[in-house]
Amino acid sequence: MVTMGRRLRGPCDAYAAHSVRGSGARGRGMPPRSNPTVRQARLGVELRKLREQAQVTARNAAALLGSNPVQMSHVESGRSGISEERIRRLVAHYGCSDERLIDALVDMAAERGKGWWEKFRGVVDPSGLDLAETEGCAVRIRTLQVVHVPGLFQTEDHMRAAFRYVAPGWPKADSDAHVSFRLCRQEVITGEPATPYDAVIHEAALRIRVGGRKVAAAQLERILELSELPHVTVRVIPFDTEDFAGAGHSMLYFHGPVPQLDTVQLDTAHGSVFLDAEPRLQQYQERLRRVDGTALKVAESRNLINRIMREL
């Protein structure tokens with residue numbers, strides 16, 4: 001069976017120890033969720049796709065489970081959970097024989113309340129929790145960052161300086177909580193098991209002196225240290241490239257356990273946006289291919305980062 005979850009480890013274990021808030025499969029007598037997570041909604045989307053591909057109506061699918069169309073609508077919108085047994089009955093009825101996809105959907109249904117990020121619910125914006133959950137369940141992560149150092153690379157001093165700028169009114173307790181949250185997120189590449197991580201960073205992000213010279217130098221040194229990990233690659237797009245025009249959108253691309261469950265995340269002024277429609281995934285796959293052809297090789301990128309450090 002595909003394993004979607006990630007073993008809790010390190011300093012984040014303490015947060016997770018008190019975080020469990022119930023299983024992924026909510027009973028039929030429980031009220032619908034008012035704010036499903038991105039992955040809960042995604043499970044519903046994938047079940048609806050399979051039903052529509054099989055040309056089965058929601059009423060017929062509900063009847064198979066001894067339910068009703070309203071409850072089926074709640075399941076397919078992520079507002080109600082669904083058990084493993086019911087998922088397998090539905091997909092069998094839909095004629096789906098992709099065992100890796102089926103196992104992945106079953107794992108998604110069982111995830112709720114089991115991640116370290118649950119301890120931060122009510123403190124961190126829900127889109128931040130969705131990001132941490134998506135990171136923790138990906139089998140590979142790729143990122144393109146134009147003006148920001150990737151969050152999974154940031155030092156604590158860099159984080160605090162950035163938070164002072166974007167949220168100057170935060171009490172210290174809120175700032176501390178968000179720093180702790182981001183440090184916990186970093187365990188996806190620094191803990192065990194580690195997720196393969198490919199970062200393409202524009203030179204602009206490396207030259208912006210967040211927090212001043214000393215903090216910026218330490219941040220560049222941290223990037224170099226992480227780039228030596230066997231599962232991490234860091235490549236830089238230099239200012240003097242001639243092939244980057246029009247590709248300036250920062251993004252995260254999460255590879256799921258099966259290609260159907262890939263996800264793209266974009267930052268906006270109002271929070272994160274998660275995309276999973278096949279045409280959008282193909283669009284951002286193509287963008288990453290173009291960027292790969294523009295960025296410097298790994299060794300050249302390290303040389304450029306070292307040069308930027310010397311110029312501080």
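If you check the side chains of Glu286 and Gln282, you find no donor sitting under 3.5 Å from an acceptor. A side-chain N or O of Ser127 and one of Asp125 form a donor-acceptor pair less than 3.5 Å apart.
Screening Gln285, Gln265, Arg287, Arg142 against Tyr253 for a side-chain hydrogen bond (donor to acceptor under 3.5 Å, both in side chains) leaves a single residue, Gln285. Looking at Arg100, His255, Glu46 one by one, the single match for side chain to side chain contact (heavy atoms under 4.5 Å, CB included) with Leu261 turns out to be Glu46.
No donor-acceptor pair closer than 3.5 Å links the side chain of Gln219 to the backbone N or O of Leu206. His158 places no side-chain N or O within donor-acceptor distance of the main-chain N or O of Gly211, the cut-off being under 3.5 Å. Here the side chain of Arg235 pairs a donor or acceptor atom with the backbone of Asp292 at under 3.5 angstrom. Put simply, the side chain of Arg51 gets close to the backbone of Val56: a donor and an acceptor are under 3.5 Å apart.
Below 30°, between 30° and 60°, or above 60°: for His178 and Phe163 the angle between ring planes is above 60°, a perpendicular geometry.
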task: Check the pair Arg307 / Glu203 against salt bridge (Lys or Arg N to Asp or Glu O under 4.0 Å), numbers first and verdict last.
output: CA-CA 11 Å; Arg307 177 160 63 84; Glu203 183 178 347; 5.1 Å; no

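Side chains of Arg88 and Asp103 form a contact here, defined as non-hydrogen atoms less than 4.5 Å apart. Between Glu135 and Leu152 there is a side-chain heavy-atom pair separated by less than 4.5 Å. The shortest distance between side-chain heavy atoms of Ile308 and Leu220 falls below 4.5 Å.
A salt bridge is absent between Arg222 and Glu156: the closest approach of a Lys/Arg side-chain nitrogen to an acidic carboxylate oxygen does not fall below 4.0 angstrom.
Summarising the geometry, atom OG1 belonging to Thr263 is positioned 7.0 Å from atom CG belonging to Leu281; distances are rounded to the nearest 0.5 Å. Residue His148 holds its NE2 atom at 11.0 Å from OG1 of Thr143, rounded to the nearest 0.5 Å. To the nearest 0.5 Å, atoms OG1 (Thr155) and CZ (Arg182) are separated by 11.0 Å. Taken from CZ in Arg310 to CD1 in Ile305, the straight-line distance is 12.0 Å, to the nearest 0.5 Å. In this structure, CE on Met159 lies 9.5 Å from CG on Asp157, to the nearest 0.5 angstrom.
Taking the centre of each ring, Tyr197 and Phe153 come in below the 6.0 Å mark.
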